[in-house]
Amino acid sequence: MRDPNERVAVFVEGANMFYAQRSLGWHLDFAWYWRTALGNANCTMRFIIRECKCPRIPQQRDFLTALRHLGFTIREKSMKEILDPESQALTRHASLEIEIVVDLFNTADRYDVAVLLSGDGDFERAVELLRSKGKGILGMGVQGMVAPELENSCDRYIRLETIRSAVEKIR
């Protein structure tokens, strides 16, 4: 059980969690998680960072609406299209890690523990710096989608499949 005075902020890398849920074959129950998994902690902020795929399909719109009702702040970034001059292949990409890192540091005075739902190793240095400033970092992700450097830099890393019975959304 967590200290009821501990301030917790939740940061979700939306694209990573989308693919994590696809890999798992089941969906996370975000409402249950924020009510229960954080114990008695005071959840001060909730951010979900996702790429913008426009136009949105109705399920995406409904999902974002539900998250806003749960108290999430949604940050979106437009996809960039990049043409490879040699192959003429067009790729779409939105690098969202910087937005999460900015929010992690800009809000650091408002939380004691950050819960980071991602498996991206690009967060390693930010996590190390936050820990050196006394912040706790709990990472969460899926087996096979977690960079070892992120897992090793967090205070604790939980694989979502190990807590499935607690966090699966039953439809």
Side-chain angles (χ1 to χ4, degrees), residues 2 6-34 36-39 41 43-53 60 63-64 66-68 70-80 91-108 110-164 166-169:
R2 293 189 171 277
E6 186 174 60
R7 300 169 303 154
V8 177
V10 179
F11 299 86
V12 180
E13 185 183 359
N16 189 277
M17 286 299 105
F18 171 80
Y19 290 110
Q21 291 178 106
R22 181 183 281 178
S23 169
L24 291 168
W26 48 271
H27 294 347
L28 293 169
D29 184 347
F30 285 94
W32 178 93
Y33 182 78
W34 310 137
T36 310
L38 295 175
C43 190
T44 60
M45 296 166 292
R46 300 170 188 162
F47 291 93
I48 186 164
I49 315 295
R50 64 176 300 279
E51 60 203 40
C52 179
K53 294 182 179 176
Q60 287 175 315
F63 178 65
L64 292 175
L67 289 173
R68 283 186 180 95
L70 290 171
F72 282 92
T73 298
I74 310 294
R75 303 235 194 274
E76 296 181 288
K77 187 172 184 179
S78 296
M79 300 288 281
K80 300 213 184 316
T91 58
R92 297 178 73 205
H93 181 71
S95 182
L96 302 166
E97 294 83 4
I98 192 67
E99 281 78 11
I100 295 172
V101 169
V102 167
D103 283 337
L104 280 163
F105 281 92
N106 278 343
T107 60
R110 295 172 41 202
Y111 65 83
D112 303 307
V113 175
V115 178
L116 176 61
L117 277 80
S118 178
D120 195 323
D122 291 340
F123 290 110
E124 176 187 25
R125 184 69 179 134
V127 167
E128 289 172 348
L129 288 171
L130 287 165
R131 287 186 64 209
S132 75
K133 296 180 180 302
K135 301 299 175 184
I137 306 289
L138 170 62
M140 300 184 91
V142 175
Q143 177 74 32
M145 295 180 68
V146 179
E149 54 270 20
L150 176 61
E151 184 174 13
N152 293 332
S153 63
C154 292
D155 293 306
R156 184 171 171 220
Y157 201 93
I158 298 173
R159 300 221 190 284
L160 292 168
E161 57 273 24
T162 66
I163 58 171
R164 179 179 181 168
V167 298
E168 179 180 12
K169 181 173 187 162

So salt bridge (Lys or Arg N to Asp or Glu O under 4.0 Å) across residues 136-150, not counting sequence neighbours, yields none
Nearest heavy-atom approach of Ala114 to Leu104 is CB-CD2, 3.9 Å
In short, Phe123 meets Ser118 closest at the heavy-atom pair CE1-OG, 3.4 Å
Of all heavy-atom pairs linking Met140 and Leu160, the shortest is CE-CD2, 3.8 Å
*Does the side chain of Asp120 come within less than 4.5 Å of Ile100's, by heavy atoms?*
no
Separation between CG (Asp112) and NZ (Lys135), nearest 0.5 Å, reads 5.5 Å
Interatomic distance, CD1@Ile158 vs CD@Glu151, rounded to 0.5 Å, equals 11.0 Å
Note: Leu150 and Gly121 closest approach over all heavy atoms is CB-CA, 4.1 Å
Side chain to side chain contact (heavy atoms under 4.5 Å, CB included) filter on Glu161, not counting sequence neighbours, yields Leu24, Val142, Gln143, Arg159
Side-chain contact, heavy-atom cut-off 4.5 Å: Leu130 with Tyr111?
yes
**Request:** In plain terms, say whether Glu128 and Arg125 are close enough for a salt bridge, that is, a side-chain N and a carboxylate O under 4.0 Å apart.
**Result:** yes
Working note: Leu116 + Tyr157, criterion side chain to side chain contact (heavy atoms under 4.5 Å, CB included); need CA distance, chi angles, decisive distance, verdict.
CA-CA 9 Å; Leu116 176 61; Tyr157 201 93; over 6 Å; no
Value for CZ (Phe11) from OG1 (Thr73), rounded to nearest 0.5 Å, stands at 9.5 Å
The reported gap from CD in Glu13 to CD in Glu97 (rounded to nearest 0.5 angstrom) is 5.0 Å
Applying salt bridge (Lys or Arg N to Asp or Glu O under 4.0 Å) to Asp122 and not counting sequence neighbours gives none
Margin query: Using a 3.5 Å distance criterion without hydrogens, assess whether the side chain of Arg131 forms a donor-acceptor pair with backbone atoms of Ile137.
Written below: no
Closest heavy-atom pair, Ala126 versus Val101, reported as atoms and distance to 0.1 Å, is CB-CG2, 3.9 Å
